[in-house]
Enquirer: 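Just dropping this structure here.
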Amino acid sequence: MKVRIAELAEQDKSELKGNDVTVSGYLVGKAEEPLEDGFNYPFIDENMYSVLVKSKEKLDRLERGKWFHVTGKLDSLEQQEMHVISDTDVEESDEQTEPPQTPRRFSSSVKKVVDGDTIHLEKPVLGTTKVRFVSIDTPETNYQGASQGYYAEEATRQLQNLLPLSENVEIEVGDEPFDQYGRLLSIVIKENKNINKEMIELGMAVPYFIYPNLDHFKDYGEAVVRAKEAGKGLWNPEQPIDELPYEFRFNKRGGPNKFVGHHETKKYVEPDKWEEIPIEHRVFFLNENDAVQAGYEKAENPKEC
C-alpha cells in the first residue's frame, strides 16, 4: 500500500499501524553507527513531514541527500516509524528533485521536559512532537542504562524552570532537521530568548556542533567561555563534571568516532585527538569526507590547530 508521509501524521490514519506500506521520501540523515535496536534513517517528504525508517541491518544502498521509495511495516505503536528488513526494501527514485524547502520557524507549546536538551511538544511540528535542542549537549540521564547523576538531574531541573509545561515556544529547525532518533533538531525560543544558548550560559550545557548545523557557532562559543570563567554549573571548580556529555557517551561505546575540526583554522583531527581542539572552536563531523567537503584540511600536528 502506497501512502504519503504526511498521511502518517494524521490521527485518522491510525488504522495503518502494523500494516505494510511504501513511502517516498528524502533521506536527511544516515546512521553511521547502530543504536541498541539497530540503525535509524530519518526521511522527509516535500513538506518536511517525517518518518523514521528502522532496520536491524545497515542499509548500504541508502545515500543521504537522495530520494528513495521504501517498503516496510509501520510500527504498531509509533505510526511514524516503519521497519524494513534489508536493502531490497529500498529503491532509489528515478527522479531526484531538489531537497525539500519550507519555513524554518513554527509555533507550539511544551508538553514535557525529558532532560536538559530534549522536550516533547503539545502540537506536532513537521509531524513529530519530539525536539532535540540542536548544537548543545547536556549530561545524560539515561544512556545505555547509565546516568551522569547530579548534573543530569540539575540540567533537567534548570530546563524545567526555563520552560514550564504549556509554555508557548517557537521552534526553529536546523539545516539538517532530524537526528537518527527522528527528533527535530531545533533552537527553542521563548519570548525571543534562545533557550539553547541560555543553557550554555547557565553552565548546564556545552556546545555540540555537528556539521552542517552551525548556526550561532560564535555566540555559543563565547557563552561557554563565559560560563567556564565564572565557574558555573559543569565548570564549578569545586565540583567539576567528570566527563562532558558526548565524552560520556563515546566512552560507553568504546571510544570517539567523529572527526573534529577547528572552526577558525579550518583544520581537523582524528576522533581520538578531539581534546586538542578548544571546546569553543569544536566542530564534529560524522565522517572524514564531510570534513573535507566542508573545506577543512587534516592537521599535520594536532597541537597546531
Side-chain angles (χ1 to χ4, degrees), residues 29-42 50 52-59 73 75-85 110-121 128-163 165 178-186 188 196 199-200 202-210 233-236 239-258 260 271-272 274-275 279 282 284 286-287:
K30 186 171 181 180
E32 299 295 333
E33 59 190 38
L35 303 174
E36 293 180 7
D37 59 349
F39 295 85
N40 287 350
Y41 302 90
S50 66
L52 188 65
V53 172
K54 304 174 73 72
S55 173
K56 293 188 180 300
E57 303 295 330
K58 190 172 184 179
L59 303 178
K73 185 179 292 294
D75 193 281
S76 59
L77 297 177
E78 296 289 342
Q79 187 170 305
Q80 284 177 259
E81 293 185 2
M82 60 187 296
H83 300 263
V84 303
I85 297 175
V110 180
K111 182 177 181 180
K112 179 182 180 181
V113 172
V114 178
D115 56 29
D117 54 29
T118 308
I119 63 172
H120 290 172
L121 303 173
T128 185
T129 59
K130 300 175 182 178
V131 172
R132 169 63 163 85
F133 286 46
V134 70
S135 302
I136 71 167
D137 206 11
T138 63
E140 293 287 347
T141 57
N142 182 7
Y143 182 75
Q144 297 184 0
S147 168
Q148 290 190 265
Y150 168 76
Y151 279 120
E153 296 169 4
E154 184 64 10
T156 304
R157 187 184 69 81
Q158 292 276 13
L159 188 57
Q160 288 171 336
N161 288 340
L162 290 170
L163 298 177
L165 298 187
F178 294 93
D179 69 5
Q180 62 177 333
Y181 297 93
R183 301 174 299 187
L184 278 174
L185 293 172
S186 307
V188 178
N196 302 43
M199 288 294 286
I200 299 176
L202 292 171
M204 288 292 106
V206 295
Y208 187 38
F209 286 92
I210 301 177
L234 314 180
W235 314 111
N236 181 349
Q239 191 181 0
I241 193 167
D242 294 330
E243 299 169 300
L244 296 179
Y246 46 77
E247 181 182 10
F248 177 79
R249 291 193 300 274
F250 64 58
N251 283 339
K252 291 291 182 185
R253 297 194 301 261
N257 64 343
K258 294 181 177 69
V260 186
D272 62 351
W274 66 274
E275 289 182 285
I279 189 170
R282 284 178 197 151
F284 289 87
L286 295 180
N287 54 63

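Values in this document were obtained by computation on a predicted structure and should not be read as measured data. Heavy-atom basis, side chains included; hydrogens, waters and symmetry copies ignored. One-based numbering along the sequence shown.
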Enquirer: Can you tell me how far the NZ atom of Lys258 sits from the CG atom of Asn287, to the nearest 0.5 Å?
Expert: 11.0 Å
Enquirer: Salt bridge (Lys or Arg N to Asp or Glu O under 4.0 Å) with Glu154: which residues, sequence neighbours excluded?
Expert: Arg157
Enquirer: Check side-chain contact (heavy atoms from CB on, under 4.5 Å) between Glu57 and all other residues, then give those that pass, not counting sequence neighbours.
Expert: Ser55
Enquirer: Apply salt bridge (Lys or Arg N to Asp or Glu O under 4.0 Å) to Lys54 and list each qualifying residue two or more places apart in sequence or on a separate chain.
Expert: Asp37
Enquirer: Any donor and acceptor pair, going by atom type alone, linking the side chain of Glu140 with main-chain N or O of Ala146 inside 3.5 Å?
Expert: no
Enquirer: Calculate, to the nearest 0.5 Å, the distance between atoms CG and CG belonging to Leu184 and Leu121 respectively.
Expert: 7.5 Å
Enquirer: Evaluate the salt bridge (Lys or Arg N to Asp or Glu O under 4.0 Å) criterion for residues Arg132 and Asp115: first the C-alpha distance (whole Å), next the side-chain angles of each, then the deciding distance (0.1 Å), finally the verdict.
Expert: CA-CA 10 Å; Arg132 169 63 163 85; Asp115 56 29; over 6 Å; no
Enquirer: Using the test side-chain contact (heavy atoms from CB on, under 4.5 Å), find all partners of Glu275 that sit at least two apart in sequence or belong to another chain.
Expert: none
Enquirer: What is the minimum heavy-atom distance between Gln239 and Tyr151, and which atoms define it?
Expert: O-OH, 2.6 Å
Enquirer: Is there side-chain contact between Val110 and Val188, with at least one heavy-atom pair below 4.5 Å?
Expert: no
Enquirer: Roughly how far, to the nearest 0.5 Å, is the CE atom of Met204 from the CE atom of Met199?
Expert: 7.0 Å
Enquirer: Report yes if the side chains of Leu185 and Ile210 come closer than 4.5 Å at any heavy-atom pair, otherwise no.
Expert: no
Enquirer: Just verifying a value: how many Å separate Ile136 CD1 and Asn196 CG, rounded to the nearest 0.5 Å?
Expert: 4.5 Å
Enquirer: In Å and rounded to the nearest 0.5 Å, what is the CG to CE distance from Asp75 to Met82?
Expert: 11.0 Å
Enquirer: Looking at CD of Gln160 and NZ of Lys112, how far apart are the two atoms once the value is rounded to the nearest 0.5 Å?
Expert: 10.0 Å
Enquirer: Using side-chain contact (heavy atoms from CB on, under 4.5 Å) as the criterion, point out the one residue from Leu52, Thr128, Asn40 that pairs with Phe178.
Expert: Thr128
Enquirer: Can you name the closest pair of heavy atoms from Ala152 and Ser147 and give their distance?
Expert: CB-OG, 4.1 Å
Enquirer: Using side chain to side chain donor-acceptor pair (under 3.5 Å) as the criterion, list what pairs up with Thr138, not counting sequence neighbours.
Expert: Asp117
Enquirer: For Pro240, what residues pass the side-chain contact (heavy atoms from CB on, under 4.5 Å) criterion, not counting sequence neighbours?
Expert: none
Enquirer: Please name the pair of heavy atoms, one in Val113 and one in Leu165, separated by the smallest distance, quoted to 0.1 Å.
Expert: N-CD2, 4.5 Å
Enquirer: Just to verify, what does Tyr208 make a ring pair (Phe, Tyr, Trp, His ring centres under 6.0 Å) with, not counting sequence neighbours?
Expert: Tyr246, Phe284
Enquirer: State, yes or no, whether a side-chain contact exists between Tyr181 and Lys130 at a heavy-atom distance under 4.5 Å.
Expert: no
Enquirer: Using side-chain contact (heavy atoms from CB on, under 4.5 Å) as the criterion, list what pairs up with Asp242, not counting sequence neighbours.
Expert: none
Enquirer: Which residues satisfy the side chain to side chain donor-acceptor pair (under 3.5 Å) test with Asn251, sequence neighbours excluded?
Expert: Glu243
Enquirer: How close do Asp272 and Pro256 get, heavy atom to heavy atom, and via which atoms?
Expert: CA-CG, 3.8 Å
Enquirer: Could I get the full list of salt bridge (Lys or Arg N to Asp or Glu O under 4.0 Å) partners for Lys56, not counting sequence neighbours?
Expert: none
Enquirer: Return the set of residues passing ring pair (Phe, Tyr, Trp, His ring centres under 6.0 Å) with Phe133 (not counting sequence neighbours), or none when no residue passes.
Expert: none
Enquirer: For Arg183, enumerate each residue passing the salt bridge (Lys or Arg N to Asp or Glu O under 4.0 Å) test, keeping only those at least two apart in sequence or located in another chain.
Expert: Asp179
Enquirer: Do Gln148 and Pro245 make a side-chain contact, defined as non-hydrogen atoms from C-beta onward lying under 4.5 Å apart?
Expert: yes
